[in-house]
Structure formats: structure tokens, C-alpha cells
Engineer: 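Have a look at this one.
These values consider heavy atoms only, across backbone and side chains, with no hydrogens, waters or symmetry-generated copies.
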Amino acid sequence: MTNTQPVILGFDPGRDKCGIAVMGLDRQIFYHQVVLANEAIANIETQLQRFPVSLIVMGDQTTAKKWKQQLNQELSKPTNIILVDERYSTLQARDRYWQMYPPQGIIKLLPKGLRQPPRPIDDIVAILLIERYLNRLTDN
């Protein structure tokens, strides 16, 4: 898939695992994946080669400063990194997971609040971070 429109890379950094997503300005999702923290920079590097990434949007909590510094030092080409408010993103990501992958079988019978996604959802948090950034642009 060749994409010439600029895209935004979303990065949800964590101690053990990280979420990475690539989304166009039209909110089309081109890529999303949960990776081990020690593989995150290599994966981001791969996405920078695959897509015309115009900036990286990253959550502003826990390990953000350390990760931002590491990205600035280790990525092969300088890329703008913008921090966005990450509060409540995990709860929101859980709801989004079920929108993207509607519950099947017995899970459908569980009340929404009790449904736990069957896999890590850090990549969906990364998608939400991009959307929060885009919403901030259009709200002004």
C-alpha cells in the first residue's frame, strides 16, 4: 500500500509493551500493533520507512519524557513529537476495542463494563491519541 498523504504515528509508551498506530488525516487507520517495549523504536523506525509520517503523537503520562528523549536520539530522521493528554484513554480504548471487534458468543451477554478485551489494547490507545490530537486541531 503506497500512501502519499501525510500520516500521523500514534505511540502509547509503556514499561513492558507499547501501542503503535499510523493514521491518515482522514482518520483512516493504516497500521496498529502492540509491541514489546524493547522493540518499539525498531517498529517505529519501520513505520517511518513505510509511511510519510509527518509527526509522532505520544501520551503524556508515566514514561513520556524518557521515551521522547530516546526517540529523538535513536530515530534515523528527526520527527516532530507532540505530547497529548492521555487521561482516561485506556477506558476509552476498551470501548473502542468492542466497536472495532464486536463481541461474539457468550461475551455478548456480559454487561459492557465487565467485558475485557482478549488482548492488550495499547495500539487502540495509540489510535485514540492521534484522534485526540486531530480533534484539538479542528476544535479551535
Side-chain angles (χ1 to χ4, degrees):
M1 188 225 86
T2 55
N3 176 28
T4 54
Q5 294 297 312
V7 295
I8 297 173
L9 186 139
F11 180 47
D12 177 37
R15 284 189 179 83
D16 303 319
K17 59 189 176 3
C18 301
I20 299 171
V22 176
M23 181 189 283
L25 300 178
D26 59 358
R27 297 178 186 247
Q28 185 181 344
I29 299 167
F30 295 107
Y31 173 88
H32 62 101
Q33 192 71 50
V34 177
V35 299
L36 294 172
N38 62 359
E39 295 167 6
I41 292 196
N43 185 296
I44 290 172
E45 191 67 60
T46 300
Q47 305 324 314
L48 292 177
Q49 322 259 305
R50 283 179 62 198
F51 300 102
V53 174
S54 57
L55 83 136
I56 296 174
V57 173
M58 197 169 97
D60 63 357
Q61 300 294 300
T62 350
T63 55
K65 282 193 174 70
K66 182 178 85 72
W67 274 105
K68 184 175 181 179
Q69 189 179 2
Q70 205 175 337
L71 288 171
N72 281 327
Q73 286 168 354
E74 295 182 33
L75 292 178
S76 62
K77 59 181 185 186
T79 309
N80 274 336
I81 301 173
I82 294 187
L83 298 181
V84 293
D85 185 359
E86 197 182 331
R87 281 177 301 190
Y88 312 116
S89 56
T90 304
L91 282 171
Q92 199 183 348
R94 196 165 65 181
D95 291 344
R96 175 66 63 85
Y97 174 88
W98 294 115
Q99 285 172 6
M100 292 169 72
Y101 308 99
Q104 305 294 315
I106 199 158
I107 294 174
K108 251 200 299 212
L109 304 175
L110 286 174
K112 260 189 176 165
L114 295 178
R115 290 181 197 155
Q116 286 296 331
R119 66 166 184 80
I121 53 172
D122 307 67
D123 56 331
I124 296 174
V125 172
I127 290 169
L128 293 171
L129 294 174
I130 299 170
E131 289 177 353
R132 286 182 179 189
Y133 172 76
L134 291 173
N135 290 343
R136 222 170 58 188
L137 291 184
T138 54
D139 286 349
N140 296 337

Engineer: Are more than 12 heavy atoms from other residues, nucleotides or ligands located less than 6.0 Å from atom CZ of R27?
Structural biologist: yes

Engineer: Are there more than 12 heavy atoms of other residues, nucleotides or ligands under 6.0 Å from atom CG of L114?
Structural biologist: yes

Engineer: When rounded to the nearest 0.5 angstrom, what distance separates CG in D12 from NZ in K17?
Structural biologist: 8.0 Å

Engineer: Test side chain to side chain contact (heavy atoms under 4.5 Å, CB included) on V7 and L25 and set out the steps.
Structural biologist: CA-CA 6 Å; V7 295; L25 300 178; over 6 Å; no

Engineer: Looking at every non-hydrogen atom in both residues, tell me the closest pair between L9 and V22 and how far apart they are.
Structural biologist: CD1-CG2, 4.1 Å

Engineer: Once rounded to the nearest 0.5 Å, what's the spacing between atom CZ of R132 and atom CD1 of I127?
Structural biologist: 13.0 Å

Engineer: Q104 and P102: which non-hydrogen atoms are nearest, and at how many Å?
Structural biologist: NE2-O, 3.0 Å

Engineer: P103: what forms a side chain to side chain contact (heavy atoms under 4.5 Å, CB included) with it, not counting sequence neighbours?
Structural biologist: W98, I107, K108, R115

Engineer: Which word best sums up how the rings of F11 and W67 line up, parallel for under 30°, tilted for 30 to 60°, or perpendicular for over 60°?
Structural biologist: perpendicular

Engineer: Quick one: CE on M58 to SG on C18, what's the gap to the nearest 0.5 Å?
Structural biologist: 9.5 Å

Engineer: Could you give the distance from OG1 (T90) to CG (D95), rounded to the nearest 0.5 Å?
Structural biologist: 11.5 Å

Engineer: Which heavy atom of A37 sits nearest to which heavy atom of G14, and what is that distance?
Structural biologist: CB-O, 3.7 Å

Engineer: Atom CD in Q5, atom CD in Q28: separation rounded to 0.5 Å?
Structural biologist: 10.0 Å

Engineer: Please report the closest heavy-atom contact between Q49 and E45, naming both atoms and the distance.
Structural biologist: CG-O, 2.9 Å

Engineer: Can you tell me how far the CE atom of M23 sits from the CD1 atom of I130, to the nearest 0.5 Å?
Structural biologist: 5.0 Å

Engineer: Can you tell me which residue among T63, I81, I82, I56 is in a side-chain contact (heavy atoms from CB on, under 4.5 Å) with K68?
Structural biologist: I81

Engineer: Looking at K66, I want to see if its NZ is surrounded by more than 12 non-hydrogen atoms of other residues, nucleotides or ligands under 6.0 Å.
Structural biologist: yes

Engineer: Does E39 form a side chain to side chain contact (heavy atoms under 4.5 Å, CB included) with Q33? I'd like the steps, not just the answer.
Structural biologist: CA-CA 11 Å; E39 295 167 6; Q33 192 71 50; over 6 Å; no

Engineer: Decide whether Y101 and V125 are clustered together by the hydrophobic rule: side chain heavy atoms of Ile, Leu, Val, Met, Phe, Trp, Tyr closer than 4.5 Å, transitively.
Structural biologist: yes

Engineer: What do the steps show when you test N72 against Q69 for side chain to side chain contact (heavy atoms under 4.5 Å, CB included), and what is the final call?
Structural biologist: CA-CA 5 Å; N72 281 327; Q69 189 179 2; 5.8 Å; no

Engineer: Give a yes or no on this: more than 12 heavy atoms of other residues, nucleotides or ligands lie within 6.0 Å of atom CG of D26.
Structural biologist: yes

Engineer: Do you know which two heavy atoms are closest between L129 and D85, and how far apart they sit?
Structural biologist: CD2-O, 4.1 Å

Engineer: If you look at every heavy atom in A64 and G59, which pair is closest and at what distance?
Structural biologist: CB-O, 3.3 Å

Engineer: Could you walk me through whether Y31 and N43 pass the side chain to side chain donor-acceptor pair (under 3.5 Å) test, one step at a time?
Structural biologist: CA-CA 11 Å; Y31 173 88; N43 185 296; 2.8 Å; yes

